[in-house]
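Inspection log for the structure reproduced underneath, given as structure tokens.
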Amino acid sequence: MKKHAGQDKLAWWREAKFGLFIHWGLYALAAGNWKGQEVQSVGEWIMKRAAIPVREYELLAGQFNPVKFNAKEWVDLAVAAGMKYIVITAKHHDGFAMFRSACSGYNIVDATPYRRDPMAELAEACGRGGIKLCFYYSHFQDWHHPDAFGNDWDYPDAAGKDFDRYIREKALPQMRELLTQYGPIGLIWYDTPGEITEEQSRQFASVIRELQPDCLINSRVGHGFYDYISTGDNAVPARVFEADWEIPATLNHTWGFKENDHNWKDAGELIRLLVNINGKGGNYLLNVGPRADGTIPEPSVRLLQEVGRWVKTNGEAIYGTIAGPEFPYELAWGDVTHKPGKLFLHIFNWRAAFVLFGLCNRVTRAYLLADSNTHVTVVQHPTNASQAMHRMQVYLPQVQPDPIATVVVLEYEGELAVDRLQA
Ligand code: JFZ
């Protein structure tokens, strides 16, 4: 249950609909392999899955030198994709801070030959590019700290752990650093709350409320201290979900870079997901896993650019859309997004004509979003004795204008009303 009433501060996030997730840390050096063996897990979990001792994993820091990292290129890619915010792993479960941290020497500035703070550079580039910078912070799991949760191979004595000491000495001080060193932060993305207590979750929320009251908090903070809901990873709600929600999702199977993960989705699939998620009321937070040298794998770059080309043309049907409606029958031709006064029909499976059941409102104008001169004919049939439901015939050009998805705009009168199936 949500305990903070999010009002206007959610406005930018509701408008955004599409964000870039970045999982980047020491695990990118391992790239999914340990001692010549591929480790069967997502890349950022390699330390735990291979039970790598802290003293051994720490050695990665000495080799981490992302000399090709260029904050502007990453931000430009997010902009090209049509994304409005970036959420980057400031600290993942491995406990390594990818930012300047005075309270733990286990950070990119003090422990690597790179000696620079990529978060400062990203904050600057995001400011210029009009992108909201946001941080992922693993608050419950920290496999490096002896008192935190998750590392039972170096620190097997669960009873001897003092989780509050970890919170006091590392987690909350680092949250203060993240909330004071980089200007305004759009949101904090906490993760895997596990057995965290209500009081501990409250502390992780309070530090944000105190230092940056406009900064949003995702539901993985635990115990309801959130502004919006994170769904399961890659888990798309089956139906329209009238809430503020966001889905974290991958382009392949891993979050952190894995050199052998070539399970790329294609651009059409990603655009379908974006439209489907937005249509159900959610934001799509789509991940890239940069390499240890600071470059983003080429397939990820290409996919995001392809998606972005489509979003650029069809952005009106993405940004600021709201949940629903649900029509009485499945839409064999595609999917729908919605704004008050406008329905956007995304035609993925082209046909020159189809019937949309259930729309009660009178349509005043119908056209293609990419080309408002292309008129679309609609013929509406209200209910009568032989027809229990409103029905509308839609006539499209013979040839599909956009090979991925063509958007038909239906401008309608009044409050949206849709028939339901009746028993
Ligand atoms: C977590 C992390 O453990 C993972 O490494 C990655 O950062 C991902 C975004 O989040 O993994 C989860 C957390 C929650 C669910 C699944 C994976 N879940 O609720 O389905």
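Ligands are counted one by one from 1 in listed order, and the atoms in each one are counted from 1 as well.
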When you look at Tyr319 and Lys17, which way does the side-chain hydrogen bond (donor to acceptor under 3.5 Å, both in side chains) test go after all the steps? CA-CA 6 Å; Tyr319 305 121; Lys17 305 311 292 183; over 6 Å; no
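- Shown here is Gln37, whose CD atom has no more than 12 heavy atoms of other residues, nucleotides or ligands within 6.0 Å.
- Of all atoms in ligand 1, numbered sequentially from 1 with element shown, those under 4.0 Å from a heavy atom of Glu44 are 4 (C), 5 (O), 6 (C).
- The protein heavy-atom contact nearest to atom 13 (C) of ligand 1 is Arg220 NH1, 3.0 Å.
- For ligand 1, the atoms sitting less than 4.0 Å from at least one non-hydrogen atom of Tyr136 are 7 (O), numbered in the order shown with element in parentheses.
- Interface of Trp45 with ligand 1, defined as ligand atoms under 4.0 Å from a residue heavy atom, comprises 2 (C), 3 (O), 4 (C), 5 (O).
- Any N or O atom pair closer than 3.5 Å counts here, and His93 shares at least one such pair with ligand 1.
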Steps toward side-chain contact (heavy atoms from CB on, under 4.5 Å) verdict (Val378, Leu356): CA-CA 10 Å; Val378 300; Leu356 178 68; over 6 Å; no
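- Set against the non-hydrogen atoms of His92, the atoms of ligand 1 under 4.0 Å away are 4 (C), 5 (O), 6 (C), 7 (O).
- For atom 1 (C) of ligand 1, the candidate residues are Asn234, Val42, Asp191; the nearest heavy-atom contact is made by Asp191.
- At under 3.5 Å, not a single nitrogen or oxygen of Gln141, backbone or side chain, sits near a nitrogen or oxygen of ligand 1.
- For ligand 1, the atoms closer than 4.0 angstrom to any heavy atom of Gly232 are 18 (N), 19 (O), 20 (O).
- More than 12 heavy atoms of other residues, nucleotides or ligands shown are found within 6.0 angstrom of CD on Glu210.
- For the pair Lys161 and Tyr155, the cation-pi test (distance below 6.0 Å, angle within 45°) is failed.
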For the pair Tyr106 and His145, evaluate ring-ring contact (aromatic ring centres under 6.0 Å, His included) and give the outcome as yes or no after the intermediate values. CA-CA 10 Å; Tyr106 196 46; His145 197 288; over 10 Å; no
What verdict does the side-chain hydrogen bond (donor to acceptor under 3.5 Å, both in side chains) test give for His23 and Thr89, after you've listed the backbone C-alpha separation in whole Å, the side-chain angles of each residue and the deciding distance to 0.1 Å? CA-CA 5 Å; His23 276 68; Thr89 49; 5.7 Å; no
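- At the shortest separation from atom 8 (C) of ligand 1 among protein heavy atoms lies Asp233 OD2, 3.0 Å.
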